[in-house]
Amino acid sequence: FSSSGNRVNSDGKPAKFQPPPKPVIIDKQKQREERRFLSPEFIPPRGRTDPLKFYIERKDMIQRRKVFNIPEFYVGSILAVTTADPYANDKASRFVGICIQRGGKGLGATFVLRNVIEDQGVEICYELYNPRIQAIEVLRLEKRLDDNLMYLRDALPEYSTFDVNMKPVSRLDHEEIPVNKLQVRMKPKPWSKRWERPKYNIKGIKFELPEKKMKAAQKWSQPWLEFDMLREYDTSKIEEKIWKEVSEELKK
Amino acid sequence: SITGACQAIQKLTRVRVVDNSALGNTPYHRPPKCIHVYNKTGVGKVGDKILLAIKGEKKKALIVGHKMPGPSMTPRFDSNNVVLIEDNGNPVGTRIKTPIPYILRRRGEYSKVLAIARNFV
């Protein structure tokens with residue numbers, strides 16, 4: 001008894017046996033290894049300092065990371081930081097906010113969190129490797145269109161308000177980090193910086209200025225900067241080396 | 001506002017009164033301005049006392065937050081906040097809704113101001 005015997009071609013002749021399609025196995029472990037994240041403060045700045053200094057600093061940073069987990073986060077993700085404070089009620093204070101800037105290299109790396117509490121905008125600049133920090137929690141991991149969200153100070157306060165008791169958003173390990181293509185609306189001018197100028201190269205603002213002003217702002221553009229060879233700093237090879245070094249040390 | 005620079009509080013800075021006192025909340029055609037800082041340098045940071053000119057009267061006040069970035073791990077506010085105070089250190093208002101930095105607890109003379117504060121940062 002075989003079902004294939006009943007199969008007939010469109011011509012009327014008996015059809016050839018076709019095996020069922022093979023199942024496609026997605027090896028999730030391989031996918032996970034493909035995405036590697038190296039925190040930007042590991043990459044040494046361009047200059048003539050001895051690489052030994054950066055090597056010693058990296059050793060100290062890895063030591064701290066072994067004791068305390070610093071999660072992966074980007075500018076635009078929402079974090080909750082608990083710090084030890086001798087003047088706080090329970091000796092610990094918790095602050096929730098959106099990361100607007102990551103600066104500094106090495107052990108002095110900082111990140112600024114911003115939130116609006118009771119109609120008052122508050123920003124705190126935390127040092128990543130400060131021993132006073134007890135926990136860093138990523139509540140929502142996402143990227144934004146810009147590297148620097150300082151323009152949120154001049155944007156409407158609704159774009160900087162985040163619930164202090166927000167629950168962390170669950171996400172799968174191997175998913176791509178979502179890019180939030182939000183275009184922010186601004187308060188009326190004057191702003192702290194002229195964000196419409198091309199030097200800031202901001203993509204995340206919905207400019208409601210008249211066309212004349214946008215064209216006048218382009219007068220300050222410096223189109224030759226992207227072709228300047230002396231300003232080039234290719235970090236891909238340095239990143240590879242440092243990534244290998246850091247991941248090996250952390251596995252020990 | 002007219003000036004955009006973020007400096008700490010000195011003479012002639014316009015400040016924002018954050019408690020619920022009558023002096024601080026009734027509208028007037030001129031904003032409250034600092035006229036003297038009780039400090040060796042004329043620059044006031046968080047926890048310094050200043051003299052304010054409000055509604056044609058002089059009143060002492062305590063700085064609870066400014067726009068200038070301070071030491072790391074301390075909060076930086078989007079406006080220069082101030083709490084009205086008497087000469088002996090007692091606050092004039094009864095409630096402070098805006099967040100206050102924890103650093104104010106270091107000096108024990110401001111415990112009455114901290115007692116009326118609701119949120120801390």
Side-chain angles (χ1 to χ4, degrees), chain A residues 81-97 100-101 103-104 107-134 136 150 152-157 159-161 164 187-195, chain B residues 1-9 14-20 24-25 45-47 62-83 93 95-111 113-121:
Chain A
V81 176
T82 19
T83 27
D85 207 328
Y87 308 113
N89 268 341
D90 308 309
K91 309 290 176 196
S93 63
R94 183 170 195 255
F95 186 73
V96 173
I100 52 176
Q101 171 179 283
L107 285 168
T110 55
F111 62 101
V112 183
L113 292 185
R114 177 182 168 83
N115 201 347
V116 171
I117 311 173
E118 297 275 351
D119 300 327
Q120 171 70 59
V122 187
E123 288 175 12
I124 309 190
C125 177
Y126 287 107
E127 286 162 350
L128 271 177
Y129 295 96
N130 195 324
R132 270 172 64 188
I133 298 185
Q134 289 167 343
I136 305 181
M150 283 295 180
L152 286 180
R153 291 177 188 170
D154 299 315
L156 297 171
Y159 295 102
S160 315
T161 23
V164 187
K187 289 194 238 183
K189 268 202 160 197
W191 298 329
S192 57
K193 296 255 170 353
R194 292 171 221 246
W195 303 113
Chain B
S1 58
I2 305 164
T3 30
C6 53
Q7 297 295 328
I9 299 178
R14 288 161 294 177
V15 289
R16 175 188 166 207
V17 177
V18 279
D19 55 9
N20 65 345
N25 290 40
K45 308 274 175 168
V46 176
L62 173 72
I63 304 177
V64 289
H66 48 69
K67 274 178 103 169
M68 173 160 171
S72 64
M73 315 287 266
T74 51
R76 185 205 86 102
F77 296 85
D78 275 0
S79 61
N80 299 317
N81 298 339
V82 120
V83 168
R95 242 177 301 178
I96 305 177
K97 262 174 94 178
T98 40
I100 307 275
Y102 281 113
I103 306 240
L104 277 180
R105 273 195 217 261
R106 199 189 289 173
R107 279 189 249 173
E109 49 195 271
Y110 305 135
S111 42
V113 177
L114 295 165
I116 61 174
R118 288 294 179 83
N119 305 330
F120 282 93
V121 172

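Convention: sequence-line order gives letters A, B, ...; per-chain numbering from 1.
Enclosure of atom CZ in R118(B) is not indicated, since only 12 or fewer non-hydrogen atoms of other residues, nucleotides or ligands lie within 6.0 angstrom. Heavy atoms from other residues, nucleotides or ligands lying under 6.0 Å from NZ of K97(B) number 12 at most.
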Inset, instruction - Carefully, step by step, assess M73(B) and D85(A) under the rule side-chain contact (heavy atoms from CB on, under 4.5 Å). - result: CA-CA 10 Å; M73(B) 315 287 266; D85(A) 207 328; over 6 Å; no

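Heavy-atom minimum distance, R106(B) versus Y87(A): NE-OH, 2.9 Å.
Contact of F95(A) with chain B is made through the side chain alone, with heavy-atom distances under 4.5 Å. In this structure, the portion of R16(B) lying under 4.5 Å from any heavy atom of chain A is its side chain and not its backbone.
Summarising the geometry, atom OG1 belonging to T74(B) is positioned 10.0 Å from atom OH belonging to Y126(A); distances are rounded to the nearest 0.5 Å. F120(B) contributes atom CZ, which lies 11.5 Å from atom OG of S93(A) (distance to the nearest 0.5 angstrom).
Listed options N81(B), V18(B), I103(B) were ranked by heavy-atom pairs under 4.5 angstrom with chain A; first place goes to N81(B).
Heavy-atom proximity under 4.5 angstrom to chain B picks out I117(A), E118(A), Q120(A), G121(A), V122(A), E123(A), I124(A) from residues 115-124 of chain A.
Shown here are the salt bridge (charged side-chain N to carboxylate O under 4.0 Å, His left out) partners of D78(B), two or more places apart in sequence or in another chain: R114(A), R76(B).
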